[in-house]
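Note: hydrogens, waters and symmetry copies are ignored here, and every other heavy atom, side chains too, is used. Numbering of ligands and ligand atoms starts at 1, following listing order.
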Amino acid sequence: MQLSTWVRVTCAVLALLVASAGASAQSRAGAQARLIAEDSLIAATRSGLAVDLALSQPAPFRLRVLAAPPRLVVDINTVDWGVTEIDTTGTGVGAQRLGHLPDGWARLVLDLTAPYLPEATEQKIDPVTGSARIVLRLNRTTLEDFEMRAQSEALFTAQTGTALLHPEAAAPPVAAPRKPVVMLDPGHGGIDPGAERDGVRESDLVLQFARILREVLLRRGLFEVAMTRDDDVFVSLDGRIRAARAAGADLLLSLHADALPEGMASGTVVYLLGDEASDDSAAYLAERHDRADMLAGVDLAGNTDEIARVLMAVAWQDTAPRARALAEALITGVGEAGLRLHRRPVQSGTFTVLRAVDMPSVLIELGFMSNPRDLERLRDPDWHAQMAEALADALEVWQEQDQAVQSLRRQ
Ligand SMILES: [Zn+2]
């Protein structure tokens, strides 16, 4: 009977891992799940042990028991513990060790004072706040039964290392932090050339610029860089966001050099996602970019699932101010490099490509091909180099500020 319980529990764990896969995309970048220590508890119960881990948002987790001595291992991908210990009550609770593994998993190892096996395991999501609760209930069993069900420690360590499994096994030094990944998104491409002036196509121009910016960023060594396209191909707006997610991007820069019908706009402007356009030009540009998608037959229907919507709203609260700070840093960088700015350099619009709620995204109009002086600059390799250095400077400044703000928020 106990064996079938264990099988059921194991299946539940697998199901959770699958069910949480969507949420993990949310927690990937920027808004990493945090332990809410004051709502978390490890407590002895009449028949065993209760472990409740309150998280700021859902995250995939895996559960193992190891024998000799009996231990419970809870790995969560990914969570910031923020504390060195979770509150315990009752005398039956053994020592615990918390740490972060180099591959992004966070680990809790609990020394069990008796052979306890997981009886129930669940992750509950609060539909209102988007927060989550991993609820584990362990029941007392015989040592023989426990050892039969425990995973081989040799196998476990071969797969995940020995971190925290023994009291003397120190937490692994948190590996050199992963470099943030910048997703560069050269606008348009393929059947959609973007703006065209004097035989110059926006799609070619921004691709050329993206390659230069990539090179500058890689040479400086602080970022990893990925691109939504590195060729003259059509990529849907939705596909650009998916590519950014697939690359584990921490931020997305969509690069453009559009033309405006009135031809008056000039200089660099950074657009943020807004509920409505800040002016007619923003409305025109957003509509124009969406139209290319519709021409290519892309379905823009959004996900209306209620929980997804709530999770998105929660994530957006984190992301919106980070995106604004990014836009302001970029504009400051361009201004400090002495490059021409638009008279209103930060604006907003309903740009589909900026709709990822879990990573700061901005759309940069490097200049406007409809303005002859801008066009001249946009064709100048020296200007490209200066602009790429200016944006790289700005990204470094923003990254440092953003890190500081994020770690303050976690405290
Ligand atoms: Zn464009």
Side-chain angles (χ1 to χ4, degrees), residues 183-214 227-241 243-244 252-274 277-296 298 300 323 327 330-331 334 339-342 344-356 361-379 383-384 387-388 391:
M183 181 53 105
L184 297 180
D185 172 41
H188 311 279
I191 58 162
D192 168 26
E196 292 176 276
R197 284 289 187 286
D198 301 347
V200 182
R201 307 189 325 162
E202 180 188 355
S203 57
D204 294 335
L205 205 151
V206 292
L207 175 57
Q208 199 183 352
F209 178 78
R211 288 173 176 155
I212 293 166
L213 179 54
R214 173 174 62 187
M227 306 223 311
T228 54
R229 67 180 181 94
D230 195 3
D231 225 326
D232 185 21
V233 291
F234 177 82
V235 185
S236 71
L237 298 175
D238 198 38
R240 293 167 196 259
I241 296 175
L252 178 137
L253 301 185
S254 191
L255 300 165
H256 288 261
D258 281 274
L260 286 172
E262 64 269 35
M264 296 300 288
S266 75
T268 303
V269 49
V270 177
Y271 287 95
L272 292 160
L273 179 65
S278 53
D279 66 11
D280 289 351
S281 303
Y284 171 83
L285 291 170
E287 192 210 300
R288 205 171 159 287
H289 290 160
D290 278 358
R291 199 164 45 197
D293 250 27
M294 287 172 206
L295 286 174
V298 177
L300 289 175
L330 290 168
I331 285 309
V334 172
L339 300 166
R340 186 177 168 78
L341 289 172
H342 188 276
R344 284 182 60 204
V346 178
Q347 297 196 38
S348 56
T350 56
F351 294 94
T352 300
V353 76
L354 304 182
R355 289 191 186 280
S361 312
V362 298
L363 184 146
I364 307 177
E365 292 285 356
L366 296 164
F368 291 89
M369 290 177 71
S370 41
N371 178 284
R373 302 250 291 278
D374 271 14
L375 182 57
E376 201 177 306
R377 285 188 276 267
L378 287 163
R379 299 173 80 164
W383 182 90
H384 278 216
M387 179 58 87
L391 296 182

Problem set entry | Angle subtended at the Zn ion (ligand 1) by OD2 of Asp258 and NE2 of His188, nearest 10° | 150°

Seminar exercise, completed: For Glu202, the N, O or S atom at the shortest distance from the Zn ion (ligand 1) is OE2

Problem set entry | Mutual orientation of the aromatic rings belonging to His289 and Phe351 [parallel < 30°, tilted 30-60°, perpendicular > 60°] | tilted

Exercise. Within Glu365, is some N, O or S atom less than 2.8 Å away from the Zn ion (ligand 1)?
Worked result: no

Seminar exercise, completed: CG of Leu354 to OG of Ser361, rounded to nearest 0.5 Å, is 5.5 Å

For this session: Using only N, O or S atoms, tell me which atom of His256 is closest to the Zn ion (ligand 1).
Result: ND1

Problem set entry | Heavy atoms from other residues, nucleotides or ligands near CD of Glu196 exceed 12 (cutoff 6.0 Å) | yes

For this session: First locate atom CG of Leu366, then atom CG of Asp374, and finally report the distance between them rounded to the nearest 0.5 Å.
Result: 9.5 Å

